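Encoded as structure tokens, the structure appears first; notes follow it.
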Amino acid sequence: MTDLLSKFDPLIQERETLLATGVKDPFSLVMEEVKSPTVAVCNGKETILLGTYNYMGMTFDDDVREAGLTALKEFGSGTTGSRVLNGTYSPHKDCEDALKEFYAMDHAMVFSTGYQANLGIISTLAGKGDYVILDIDSHASIYDGCAMGNAEIVAFRHNDVEALEKRLKRLPADAGKLVVLEGVYSMLGDVAPLKEMIRICKENGAMTLVDEAHSMGFIGENGRGVAEHQGVIDNVDFIIGTFSKSVGTVGGFCVSNHPKFEIMRLVCRPYVFTASLPPSVMATAATSIRKLMHSGNKRAHLWENSKKLHKGLRDLGFELGTPEAQSAIIAVIMPDLERGAMMWQALLQEGLYVNLARPPATPANMTLLRCSLCAEHTSEQVDQILGMFEAAGKAVGAI
Ligand code: PMP
């Protein structure tokens, strides 16, 4: 018998070598108690959370929690069925209405996760013989959607407008083309030049899909994302998003103005062949989305936090993923996995949780300490965070 797990031996070895240095496993942390969007108890210690995607701090919002409790009581704990059979309850329709209001778009389709939204929409739109043109640093769910649909994948250099144009011009004029972009790229927290890119896509007859997972709720005047901020949202064919970040629960979606969009509900396998989300999740998402429509003050405070952390870390001497704060993600570049893990642990001992990211999730084989800010972090917490980075950075020789 061939052991099908032996292909993972190099990874098992790398993990064992890392743990032998005395570093705790950075990928199996348990939050023993969660006190607020910004504070939890980990290893018995009160810890500031700087590695969640809870950008707008909605997980503990009173109205959001109340809506979930009410729906749980009224509709039960789950639907036990697909959206196209017995799994559409009124909270699912209401949640899709909330998305249509939020984006001012005609159609909204909710999936069980953002991962499934990309998997489903991309694989259903682009099949054999079609082309998906994507940024090389695209999220795994985008690549998996391309693989599932069997489309030709054409990757271009990260955020490179000219490279996108060159690739598009080389493709057959009459072929089906879908360009997939992200508003904010989650590893380095950098923003895409959507304005130029969407124009080039239109000029070259390609449809466009933008994943706004990390910008929804925060970027743009109404929190609709980078496409809104750069004034091109009306030219984007499909926007993908998730409820697992600013919305503060779980689920994924696609919104569109395409007149034929509703047919997707019947032909999109990751939508049809899986159970729908629990009605309590739909009620929390709908309430959160409607509150995010009126969260201008929170957005302003989150920008302040992000800029303050970026400047503070740069002044301390850390190498960062972007020259200035472009989103709520600030990535600290570490020289290698071992020192990254040591720094991660030193920060945890100080009482700070950040995300350790490593290849293959990261671009250019980088090890990153990814900091993601929350609108509920106070300015004092950001000062505390900078003090912790200074202490940990000096302790492990990173600065
Ligand atoms: N797209 C992007 C860009 C993401 O970063 C993520 C999750 N990190 C997803 C999609 C998937 O979202 P979900 O957690 O809802 O599956």
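In this text, all values refer to a predicted model and were calculated from it rather than measured experimentally. Atoms within each ligand, like the ligands themselves, are counted from 1 in listed order.
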When you pair each N or O of ligand 1 with protein N or O atoms, which pairs come out under 3.5 Å?
unit_1   : atom_1 : unit_2 : atom_2 : d
ligand 1 : 1 (N)  : Asp211 : OD2    : 2.6
ligand 1 : 5 (O)  : His214 : NE2    : 2.7
ligand 1 : 8 (N)  : Lys245 : NZ     : 2.9
ligand 1 : 14 (O) : Ser244 : OG     : 2.9
ligand 1 : 15 (O) : Gly114 : N      : 2.7
ligand 1 : 15 (O) : Thr242 : OG1    : 2.6
ligand 1 : 15 (O) : Ser244 : OG     : 3.4
ligand 1 : 16 (O) : Gly114 : N      : 3.3
ligand 1 : 16 (O) : Tyr115 : N      : 2.9

(Q) Using the rule given for side chain to side chain donor-acceptor pair (under 3.5 Å), can you reason through Asp144 versus Asn118, listing the C-alpha separation, both sets of side-chain angles and the distance that settles it, and then say yes or no? (A) CA-CA 8 Å; Asp144 293 354; Asn118 271 330; over 6 Å; no
**Message:** I'd like to know whether the aromatic ring centres of Phe218 and Tyr55 sit less than 6.0 Å apart in this structure.
**Reply:** no
If you look only at distance, which donor and acceptor atoms sit under 3.5 Å apart when one is on a side chain in residues 165-175 and the other is two or more places apart or in another chain?
unit_1 : atom_1 : unit_2 : atom_2 : d
Arg167 : NE     : Ala155 : O      : 3.1
Lys169 : NZ     : Asn204 : OD1    : 3.1

*Before accepting this row, confirm whether a basic side-chain N of the pair Glu96/Arg265 lies closer than 4.0 Å to the acidic partner's carboxylate O.*
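Yes, this pair counts.
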Any salt bridge linking Lys177 with Glu152? Criterion: basic side-chain nitrogen under 4.0 Å from a carboxylate oxygen.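 Not counted as a salt bridge, because no side-chain N and carboxylate O are separated by less than 4.0 Å.
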Original post:
Should the ring pair Phe238 and His258 be called parallel, tilted or perpendicular, given that the plane angle runs from 0 to 90° and is split at 30 and 60?
Top reply: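 Answer is parallel, since the angle falls under 30°.
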